[in-house]
Amino acid sequence: CTAPGATMRRIGPERLHHAVDQRMLSLPGKFSKNKQAKSRGDLVRKRRLALTIGVIAQLRLASIGYEEAVQEYKVLHELFTKREAIFVAVKAEFAEGNIDEEQKIDAESRAFFSRIRLYTSYASLMKAKARLWNTVGREPGAQDNGKLPEPDLTLLAVSEADAARATAES
């Protein structure tokens, strides 16, 4: 251990006061540097939080869009099914001579446009599904293990009987 004042005798009082003065003068600078470092850390945390909130919001919007597309497809699927049944009934009535050709054409065009809206809805559904997958960083069509509901696609394929009937009626 050193005796009191030994440090002062070794380096001299002038140099000791100078060293103490330098330390005292550097305190505001150190305080400022510490404050800047803390501010940078806070800024980084705030940026990360903002990015996280943005990703979560994007995911939620994509999820809402997908849910809406599924609902729209279901409604249009039901509409198409009903319009197709009406067309079949109207066609049978026309064959019996109970209604005129104008009513048959009207029912057929409603069923046709309903099918087109169903196709368009399906395309929107696939687009919404792709957007949802892209939001979570996966390729569309990635293995979803059945977690995303798939629509009933049986009505999207035009059967050979429908195609033959359409060409025969033309």
Side-chain angles (χ1 to χ4, degrees), residues 31-170:
F31 178 72
S32 177
K33 287 180 183 177
N34 285 342
K35 191 174 179 182
Q36 287 175 357
K38 185 178 178 191
S39 294
R40 277 192 296 262
D42 289 344
L43 182 63
V44 167
R45 280 188 289 281
K46 287 179 182 177
R47 284 183 179 166
R48 286 181 183 166
L49 180 62
L51 183 61
T52 301
I53 290 171
V55 169
I56 289 171
Q58 186 178 7
L59 179 61
R60 182 64 184 136
L61 289 174
S63 175
I64 290 169
Y66 181 77
E67 290 167 6
E68 287 177 354
V70 167
Q71 290 304 315
E72 178 182 323
Y73 180 82
K74 287 178 180 178
V75 167
L76 290 175
H77 183 274
E78 186 177 328
L79 177 68
F80 170 74
T81 303
K82 290 178 180 179
R83 292 232 168 126
E84 190 70 20
I86 290 170
F87 173 61
V88 169
V90 166
K91 192 166 71 170
E93 289 292 318
F94 177 74
E96 292 176 10
N98 295 337
I99 58 172
D100 60 2
E101 188 172 9
E102 182 180 336
Q103 290 173 320
K104 176 187 165 268
I105 291 172
D106 182 56
E108 184 176 18
S109 67
R110 287 176 188 263
F112 176 75
F113 286 117
S114 179
R115 182 183 293 255
I116 289 175
R117 282 193 295 270
L118 185 65
Y119 290 163
T120 305
S121 175
Y122 178 74
S124 296
L125 178 62
M126 293 299 102
K127 184 176 166 184
K129 184 177 182 179
R131 185 177 297 125
L132 184 60
W133 279 116
N134 284 331
T135 301
V136 294
R138 289 199 168 170
E139 289 292 320
Q143 293 180 342
D144 55 12
N145 298 325
K147 292 180 182 168
L148 296 178
E150 286 294 329
D152 178 16
L153 304 179
T154 56
L155 294 175
L156 290 179
V158 177
S159 68
E160 292 179 20
D162 288 341
R165 181 189 63 188
T167 54
E169 290 178 358
S170 300

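Here the structure is a predicted model, which is why all the values come from computation and not from measurement.
Rounding to the nearest 0.5 Å places CD of E84 at 11.0 Å from CG of L118.
With hydrogens and angles disregarded, no donor-acceptor distance shorter than 3.5 Å links the side chain of S63 to the backbone of L59. Between the side chain of S121 and the backbone N or O of R117, no donor-acceptor pair lies under 3.5 Å.
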Please walk me through it: do Q103 and F94 pass side chain to side chain contact (heavy atoms under 4.5 Å, CB included)?
CA-CA 9 Å; Q103 290 173 320; F94 177 74; over 6 Å; no

Determine, step by step, whether Y66 and L125 satisfy the side chain to side chain contact (heavy atoms under 4.5 Å, CB included) criterion, reporting the C-alpha distance in whole Å, the side-chain angles of both residues, the deciding distance to 0.1 Å, and the verdict.
CA-CA 7 Å; Y66 181 77; L125 178 62; 3.8 Å; yes

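Among all heavy-atom pairs drawn from F87 and K104, the shortest one is CE1-O, 4.0 Å. Nearest heavy atom pair, residue S124 against residue A69, reads O-CB, 4.2 Å. Heavy-atom minimum distance, E93 versus N98: OE1-ND2, 2.7 Å. Between L79 and S114 the shortest heavy-atom distance is C-OG, 3.8 Å.
Annotation for E102: atom CD does not count as buried by contact number, only 12 or fewer foreign heavy atoms lying within 6.0 Å. No more than 12 heavy-atom neighbours from other residues, nucleotides or ligands sit within 6.0 angstrom of CZ on F112.
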Do any side-chain atoms of residues 41-55 form donor-acceptor pairs under 3.5 angstrom with protein atoms, and if so which ones, sequence neighbours left out?
unit_1	atom_1	unit_2	atom_2	d
D42	OD1	R45	NH2	2.5
T52	OG1	R48	O	2.8

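Two residues are said to be in side-chain contact when any heavy atoms from C-beta on lie closer than 4.5 Å; F80 and L76 fail this criterion.
The list of salt bridge (Lys or Arg N to Asp or Glu O under 4.0 Å) pairs with a residue in residues 57-78, not counting sequence neighbours, reads E78-K82.
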